[in-house]
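Data first, discussion second: the structure below is written as structure tokens.
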Amino acid sequence: MSSRFNSADELRYLELFLGQFYHCGNITIWGRIAPSMKGIGIASFLIVTAVTLYYTTIIAHAVFYLFASFREIMPWSVCTHSWNTPLCSERMHNQTMNEFNQTKVSSAEEYYNIYMLGIHRSKGLTDLGHIKVDLFLCLILIFILMYLCIYRGVKGTGKAVYVTAVLPYVVLIILLIQGVTLNGSRQGIKYFLKPTFKRLKDIKVWYSAANQIFFTLGPGLSVLTTYGSYNISTNNCYYDALISVIANFLASFLAGFVVFSALGHMSWRLDKQIETVVDQGASLSFIAYPEILSTFKYSIFFSVIFFLMVINLGLDSDFGGLEAMYTALSDEYIVLKRHRKLGMFVMCCLLIIGCLPTVTYGNSNEINQ
């Protein structure tokens, strides 16, 4: 098996196998393996809870952008709003300066940091400030949607996943077709496909690669053991693990073409090297790519499908997180299994309360860094 799997894949197979063998949540599984190891299950429960809180807030940001996309002119593409600063620039740029030697800021960056997050109203984690109401409402909307999809159990989740798992592939193909028509896209794709072997000596590259593969495959979060626990005992979970790994690779590879074709276009417009165009994480998803989308001919359509894709990808992860959390608790406390609808509702309410600091003026910035 080791010749065909890397360590993350092997852990994925192991967790699916353990869940299928014991037919219970992660806390109970480790208690059955060895009572002294039950703490592993509790630790994984706490980790998946933290990840779910973080990830749901990111999805709320995507919902915010989705609603903002239904406009003839994308609000992050102009500097005519009352909250824009004198340093705002409506064209994509990279560290340009004004006449007073002050760094210009793109309209998309100001929209993200000032209008959506409101980070200028807080000094950071030590000054959380008030809850940003519009973000909070987006957060509640996400929890309502998740509850409606999974409160009946894995059968309901499975039906929802047919949409949330397939839609991102469709959107990626549409964005790729549009991306390859942009000026400079070929240079971006060439940069994506051309290996730089000297980077293999950089430990940060290996760290980022390991972080990415573990985050996308999800070992150690108790989600896999939970899904595996609902399989029949004769199910071939080895092939389940193999198929999911292949699907993950194809999605990541396809997303690479989409992202780098757009970054190539951005590099062409700025006349800069691709590696200096944009940072990772939120800067790519909520600043750079929306800025590129605003230049498309049918910007409303492409913005809507892009943020729908981001929301779907986040929901896929959150479905697993919520199910893992509730299964772990219901296997320990039978009353939760008997009253799933009410129990899931209470858990979602508690998670909303747990997410409150992430939608304040202070913490909304920290969670995206």
Side-chain angles (χ1 to χ4, degrees), residues 57-58 60-124 127-136 138 182-184 188 259 262-304 306-307 310 359-369:
T57 303
I58 298 299
H61 293 173
V63 172
F64 188 97
Y65 269 79
L66 176 65
F67 288 138
S69 298
F70 292 96
R71 302 181 188 180
E72 186 175 352
I73 299 176
M74 296 297 104
W76 53 81
S77 64
V78 294
C79 292
T80 57
H81 306 289
S82 60
W83 38 264
N84 284 125
T85 69
L87 297 177
C88 183
S89 172
E90 292 186 0
R91 295 190 299 177
M92 290 189 293
H93 67 282
N94 188 27
Q95 298 297 319
T96 57
M97 312 289 285
N98 67 2
E99 57 182 330
F100 301 105
N101 291 326
Q102 294 174 303
T103 303
K104 301 284 283 183
V105 181
S106 73
S107 54
E109 187 173 349
E110 288 202 348
Y111 181 85
Y112 176 70
N113 288 324
I114 297 177
Y115 182 69
M116 189 187 77
L117 297 182
I119 61 175
H120 63 294
R121 301 187 182 185
S122 170
K123 297 178 182 179
D127 178 29
L128 293 180
H130 298 293
I131 293 173
K132 201 166 187 303
V133 178
D134 46 8
L135 272 182
F136 179 58
C138 292
L182 301 174
N183 293 321
V259 170
L263 291 181
H265 173 65
M266 193 173 185
S267 174
W268 173 80
R269 293 191 59 163
L270 300 174
D271 193 24
K272 297 288 184 179
Q273 296 295 321
I274 292 179
E275 57 267 25
T276 64
V277 166
V278 67
D279 295 327
Q280 303 179 52
S283 296
L284 177 62
S285 300
F286 295 110
I287 298 178
Y289 209 86
E291 194 169 9
I292 296 171
L293 290 171
S294 66
T295 66
F296 289 179
K297 185 176 181 181
Y298 303 103
S299 58
I300 297 178
F301 170 74
F302 286 107
S303 293
V304 168
F306 173 75
F307 289 112
V310 174
V359 291
T360 59
Y361 292 116
N363 206 28
S364 57
N365 179 40
E366 299 296 331
I367 199 170
N368 286 280
Q369 294 182 344

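All values below come from the heavy atoms of this structure, side chains included, with hydrogens, waters and symmetry mates left out.
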CD1/Ile119 to CG/Asn113 distance, rounded to the nearest 0.5 angstrom?
4.0 Å

Interatomic distance, CZ@Arg121 vs OG1@Thr360, rounded to 0.5 Å, equals 12.5 Å

Test ring-ring contact (aromatic ring centres under 6.0 Å, His included), reference Trp76, set Phe64, Trp83, Tyr111, output is Tyr111

Output the distance between atom OH (Tyr298) and atom OG (Ser303), rounded to the nearest 0.5 Å.
14.5 Å

To the nearest 0.5 Å, tell me how far His81 NE2 sits from Ser107 OG.
7.5 Å

Distance, nearest 0.5 Å, that separates CE of Met74 from CG of Leu293:
9.0 Å

Could you give the distance from CE (Met116) to SG (Cys138), rounded to the nearest 0.5 Å?
9.0 Å

Side chain Glu109, main chain Ile287, donor-acceptor under 3.5 Å:
no

Between Leu117 and Lys132, the two heavy atoms sitting closest are O-CD, 3.8 Å

Over all atoms of both residues, closest heavy-atom pair of Asn183 and His265:
O-ND1, 2.9 Å

I need the minimum non-hydrogen distance between Tyr361 and Gly129, along with the two atoms involved.
CD1-C, 4.5 Å

Should we say atom NE2 of His130 is surrounded by more than 12 heavy atoms from elsewhere, each under 6.0 Å from it?
no

Over all atoms of both residues, closest heavy-atom pair of Ala262 and Tyr289
CB-CE1, 3.4 Å

Looking only at heavy atoms, what is the nearest atom pair of Asn84 and Thr80, with distance?
OD1-N, 3.5 Å

Establish, from distance only, whether the side-chain atoms of Glu291 and Ser77 form a donor-acceptor pair under 3.5 Å.
no

If every non-hydrogen atom of Ile292 is compared with every non-hydrogen atom of Leu263, which pair is closest and at what distance?
CD1-N, 4.5 Å

